[in-house]
Protein chains: 2
Amino acid sequence: MTSVKDVAQLAGVSLMTVSRALSNPEKLSPETYQRVRRAIDELQFVPSMSARKIRGDNLQSRTIGVFALDTATTPFAVELLLSIEQTAQQAGWNVFILNLLSNSPTDQNIDLMLSHRPDGLIFSAMGLRQVCIPERLKSKPLVLANCLADDSHLASYVPDDEMGQYRAVHHALSQGYRRPLSINLPKQSLAWGLRQKGMQRACQAFGLAPDSLLKYDLSDHDAYGETAAILDRHIIDGRPQFDILICGNDRIAFCAYQLLLGRGLKIPDDVAVLGYDNMIGIAELFIPPLTTVQLPYHEIGRRAARHLIEALDVSGAQPVDCPLVARTSL
Amino acid sequence: MTSVKDVAQLAGVSLMTVSRALSNPEKLSPETYQRVRRAIDELQFVPSMSARKIRGDNLQSRTIGVFALDTATTPFAVELLLSIEQTAQQAGWNVFILNLLSNSPTDQNIDLMLSHRPDGLIFSAMGLRQVCIPERLKSKPLVLANCLADDSHLASYVPDDEMGQYRAVHHALSQGYRRPLSINLPKQSLAWGLRQKGMQRACQAFGLAPDSLLKYDLSDHDAYGETAAILDRHIIDGRPQFDILICGNDRIAFCAYQLLLGRGLKIPDDVAVLGYDNMIGIAELFIPPLTTVQLPYHEIGRRAARHLIEALDVSGAQPVDCPLVARTSL
DNA sequence: CTGTTAGCGCGTTCAC
DNA sequence: GTGAACGCGCTAACAG
């Protein structure tokens, strides 16, 4: 590759003049600058990141290191990574993403990450998981995106599931629905309690007795097959005992749609359906399109990145609003 | 960060001894090596990528640069990126991924990429798109993954859609289905012709007249709404004129399932459904689970990466097999 | 077996 | 307004 040296030679100036042309053009005489500029353009010179980083010249070459968990299994979350990348780029920061296959980074993963000398670290996971941060990493600025850790005072940007669920159920009840059936995420998932609380708070606001609610949880992360049995238990003689189905995520809603439609029920006339996640490129394809709650991946990524860039001094879980996406399934 | 210098000091040796301890331990006396090792462990020293790259010390620090298009809109394709990353890691290469929002990289994108001094470039896109490669990039080894370019002699690893569709339809017809209705991708998509050809070849093998086939195309990339009208045109008095629905992708199948079920039809008894893509985390949730053709993202990523790592001398489109994923929708 | 020197590409510091 | 020298972290080549 071409380096400052080549440019300097072509322009007939010293290395420093080229360097200045890149960072402090105003310190050069206009004509010298032009000459250097032309040489730069002709050689298509781009300064080397590595050389800049090596000097600790941190103004031009800071980088955010991202440990990404679950990207393979929950691909919708690329949005989080994209958002981090965009935010970083705007601030002139670089991003190095390392996808993790296991739950917690291996020593090899950590070495690779540290070899890039990141100025800050983001730990991201899907499904709001509890992750384990190795000691070696705690010396660097570190934020969590869409996950939590044992060390609860670490800054963590997470979806405000309580509020998201509250708002959505409140919206549903205000439409007149009164007999909800809820199929929540597995109990061990971090979101479970928040969703539960949000739903109950909304129900109370409408005077629904908490113990009158039909509530179920999936037994495991991918036990979507259980949806059928739950629904059938509450569809008697083809008539559902519930007027709205509150799903722990859009996947459950997808299963439910097929089951309900297959049993001759109309959505939302016979049964309304509420999702959670707003799976990109999927939620719109439901017929009718799914009303759901959006997981704010973009905003989470943006805030996690800004946290590092601006060296914010916040700690603990930072709830990020989950907007309701009102379509026509209720 | 700690550097060789710190390690050398702590171990009471010279810089070179540390360096050797890292790359050629056998050249050191066992005791010296142990002493250095202990210092390395104690300081948790990891050599800096940047410093290695800067030297052109290419054996320890080669990197693949990836321009990723469409990652945001077709998130399932993360698999391709993961596969590149894994393959690279196994060979000791690094990966720098740059997500593109526009169709072709901006000058700024290119500068950023080149500033990382990649030793090879991968261009990846979703939906088998035709991409445009800027001149500035053609000086480096370059492969296309899941896309094609004007310059048709560029090595491009792409799904073998013709064979994939042929095998799937052949499988369907061998099950006894005889009246297919096909809803293909939009005509302008590169895969359209291949899928068409594969389907017709399979039909011919079973003696089905090509013009007896019920064939439709979506008018645009996201015109999934058209599925309903197409199906209704061929469901007369609640009875479908087709016994198998061949969908251009799983999303079309997703819509079709809801429409068919909503009209009281059983899958696969009344109508069988065949998808294409095998959307991760979704195709399994169809009820019944969707038989579909797998887009070989993993293999494409692996081969594209190996192409650069091994400096393969192939050119032109390299079809990668699309295996049939037989579930129970037919 | 171990240390010294030199240089990769860049920018800061200090001369001119 | 411009340039020479130095150092960032690392290793190949050469000395000892």
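All heavy atoms count here, side chains included; hydrogens, waters and symmetry mates do not. Naming: A, B, ... by sequence-line order, numbering from 1 per chain.
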Does A:Ser14 have a side-chain nitrogen or oxygen under 4.0 Å from the phosphate oxygens OP1 or OP2 of D:dT2?
no
Once you build an axis from the first five pairs and another from the last five of the helix from C:dC1-D:dG16 to C:dC16-D:dG1, how far apart in angle are they, to 10 degrees?
50°
Please identify each residue that fulfils side-chain hydrogen bond (donor to acceptor under 3.5 Å, both in side chains) with B:Asn278, with sequence neighbours left out.
B:Arg327
Applying side-chain hydrogen bond (donor to acceptor under 3.5 Å, both in side chains), can you list everything that pairs with B:Ser139, at least two apart in sequence or on another chain?
none
Which residues satisfy the salt bridge (charged side-chain N to carboxylate O under 4.0 Å, His left out) test with B:Arg306, sequence neighbours excluded?
B:Glu310
For B:Asp6, check salt bridge (charged side-chain N to carboxylate O under 4.0 Å, His left out) against everything at least two apart and list the hits.
none
What is the 5' to 3' range of DNA chain C, first to last nucleotide, that sits under 4.0 Å from any heavy atom of chain A?
C:dC8 to C:dT12
Got a second to check how far A:Leu308's CG is from A:Ile122's CD1, nearest 0.5 Å?
5.0 Å
Distance in Å, A:Gln44 CD paired with A:Glu42 CD, rounded so as to fall on 0.5 Å steps
9.5 Å
Please evaluate residues A:Leu69 and A:Met126 with respect to the criterion side-chain contact (heavy atoms from CB on, under 4.5 Å), reporting the C-alpha separation (whole Å), side-chain torsions for both, the decisive distance (0.1 Å), and the verdict.
CA-CA 7 Å; A:Leu69 277 75; A:Met126 297 307 117; over 6 Å; no
In residues 89-101 of chain A, what donor-acceptor pairs under 3.5 Å come from side-chain atoms, sequence neighbours left out?
from, atom 1, to, atom 2, distance (Å)
A:Asn99, OD1, A:Thr71, OG1, 2.8
A:Asn99, ND2, B:Glu85, OE1, 2.8

List the atom pairs, donor and acceptor, that lie under 3.5 Å between side-chain atoms in residues 15-26 of chain B and the rest of the protein, sequence neighbours left out.
from, atom 1, to, atom 2, distance (Å)
B:Thr17, OG1, B:Ser14, OG, 3.3
B:Ser23, OG, B:Ser19, O, 3.0

Pairs under 3.5 angstrom only: tabulate donor-acceptor contacts from the side chains of residues 74-84 of chain B to other protein residues two or more places apart or in another chain.
from, atom 1, to, atom 2, distance (Å)
B:Ser83, OG, B:His298, O, 2.5
B:Ser83, OG, B:Arg302, N, 3.1

B/S/- along nucleotides 9-16 of chain D (protein heavy atoms under 4.0 Å) is BBBBB---
So if I take residues 26-38 of chain B and measure heavy-atom distances to DNA chain C, which residues fall below 4.0 Å?
B:Lys27, B:Leu28, B:Ser29, B:Thr32
Smallest separation among heavy atoms of A:Phe45 and A:Val4, with atom names:
CE1-N, 3.5 Å
Could you give all pairs that pass the salt bridge (charged side-chain N to carboxylate O under 4.0 Å, His left out) test and reach residues 311-321 of chain B, with sequence neighbours left out?
B:Arg167-B:Asp321
